[in-house]
Amino acid sequence: MNICGYSLSSMKFPVWRFPRPLISLSSSSSRIMSIQNCSSSSSSSASISTSTESKQKKEYLPWLIVGLGNPGKKYAATRHNVGFEMVDTIAAAEGISMSTVSFKALFGKGFIGDVPVILAKPQTFMNSSGESVGAIVSYYKIPLKQVLVIFDDLDLPFAKLRLLPKGGHGGHNGMKSVINHFKGNVGFPRLRIGIGRPPGKMDPVAFVLRLFTKQEREEDHIARRYNLKRVNSFKALFLIR
């Protein structure tokens, strides 16, 4: 899998402390300052510059991007773990380390553009994912509209992606747990990744825990690259305004 061609720099996010400076001047502000500087002393110029920069400072709240799955090598390449895989792909693309264990999750902090993000892979096992997700949201006071949950979906054709701004759990036990820990609130975005229906009369539980075949993994890799290249920014991906 690969993710490319996206940027969050145009999005407005309100407060989180990160070491990277988040100050910018618009071109219009720069032009106004240059006009004023022509008729003012160097001291007034410094005053204008300081005043303008202070107004242009931006403070951010992070996005939380959660991939659902089961921990351990036994489940690593199964259909139920495509949420984990997508978070790993984002982490690799943005150079975000996922080596920290916190809030019962593999956890990483970084930036996409100038926007702070938290990446998380709950290690509670799928059916208790909400224990981890709820704790992260509560601790960092993240608005639910800035929580993106990524998970597998039996009702979508294999390797198809569907992004929704809100909705129910659709019978997915991991999502049930997350919604329960959000006190029933379903107003958060989610990215569903299709894994297809089980063949014949196979038990869906057994199917989601099956490994992908080599051919499926190759097709899945190509399909996700194609779909994600079509999404030219995380602004579009997160369905923000």
Side-chain angles (χ1 to χ4, degrees), residues 1-13 60-69 79-94 96 108 110-113 115-122 126 129-130 132-133 136-137 142-179 181-182 184-197 208 212 216 219-241:
M1 292 182 296
N2 188 23
I3 296 178
C4 59
Y6 51 79
S7 169
L8 276 179
S9 57
S10 62
M11 298 170 62
K12 295 181 179 178
F13 291 85
Y60 297 83
L61 276 174
W63 270 87
L64 172 61
I65 305 174
V66 180
L68 301 187
R79 300 166 194 273
H80 221 20
N81 272 35
V82 292
F84 275 12
E85 290 190 27
M86 188 65 81
V87 166
D88 286 338
T89 301
I90 296 170
E94 298 302 325
I96 299 173
F111 289 85
I112 297 177
V115 177
V117 295
I118 298 173
L119 304 182
K121 300 192 298 180
M126 180 68 81
S129 298
S132 172
V133 180
I136 297 170
V137 168
I142 303 172
L144 292 192
K145 66 181 181 179
Q146 288 179 212
V147 177
L148 175 69
V149 181
I150 306 172
F151 62 100
D152 59 294
D153 194 326
L154 282 165
D155 294 323
L156 280 181
F158 173 72
K160 298 297 182 182
L161 304 179
R162 180 168 294 169
L163 184 65
L164 297 171
K166 60 182 179 180
H169 53 71
H172 191 283
N173 288 332
M175 285 296 285
K176 284 182 183 179
S177 178
V178 170
I179 291 170
H181 281 79
F182 288 168
N185 193 327
V186 297
F188 59 94
R190 67 283 313 279
L191 179 62
R192 298 161 55 191
I193 301 176
I195 59 172
R197 298 296 304 177
V208 300
F212 287 107
E216 283 176 329
E219 292 176 0
D220 187 43
H221 173 85
I222 294 169
R224 286 192 219 170
R225 284 191 63 185
Y226 174 72
N227 277 289
L228 287 166
K229 282 184 178 181
R230 291 169 62 195
V231 180
N232 61 9
S233 72
F234 263 97
K235 181 176 180 179
L237 180 62
F238 294 161
L239 297 181
I240 299 300
R241 288 183 287 279

Tell me the closest heavy-atom pair linking V133 and P122, and the distance in Å. CG2-CG, 4.0 Å
CD on Q146 to CG on L64, rounded to 0.5 Å: 10.0 Å
Evaluate the side-chain proximity of I193 to L161: yes if any heavy-atom separation is below 4.5 Å, no if none is. yes
Are D152 and R192 close enough for a salt bridge, meaning some N to O gap below 4.0 Å? no
With a 3.5 Å distance limit and no angle check, can you tell me whether R190 reaches the backbone of F151 through a side-chain donor-acceptor pair? no
Main-chain N/O of G194 paired with R162 side-chain donor or acceptor, under 3.5 Å: no
What heavy-atom pair brings M175 and V149 nearest, and what distance separates the two atoms? SD-CG1, 3.5 Å
Pair L68-K121, side chain to side chain contact (heavy atoms under 4.5 Å, CB included): steps then yes or no: CA-CA 6 Å; L68 301 187; K121 300 192 298 180; over 6 Å; no
I90 and I96: side chain to side chain contact (heavy atoms under 4.5 Å, CB included), yes or no, with the steps? CA-CA 8 Å; I90 296 170; I96 299 173; 5.5 Å; no
For the residue pair P189 and W63, what are the closest heavy atoms and their distance? CG-CZ3, 4.1 Å
Does a side-chain heavy-atom distance below 4.5 Å link P62 with F111? no
What's the shortest heavy-atom distance between S129 and S177, and which atoms? N-OG, 3.5 Å
Taking the side chain as everything from C-beta on, heavy atoms only, tell me whether M126 gets closer than 4.5 Å to H172. yes
Here the gap from I150 atom CD1 to L119 atom CG, rounded to the nearest 0.5 Å, amounts to 8.5 Å
Min side-chain heavy-atom separation I65-M86 under 4.5 Å: no
Looking at CG of D153 and CD1 of I195, how far apart are the two atoms once the value is rounded to the nearest 0.5 Å? 7.5 Å
Stepwise side chain to side chain contact (heavy atoms under 4.5 Å, CB included) check, F212 with R79: CA-CA 7 Å; F212 287 107; R79 300 166 194 273; 3.6 Å; yes
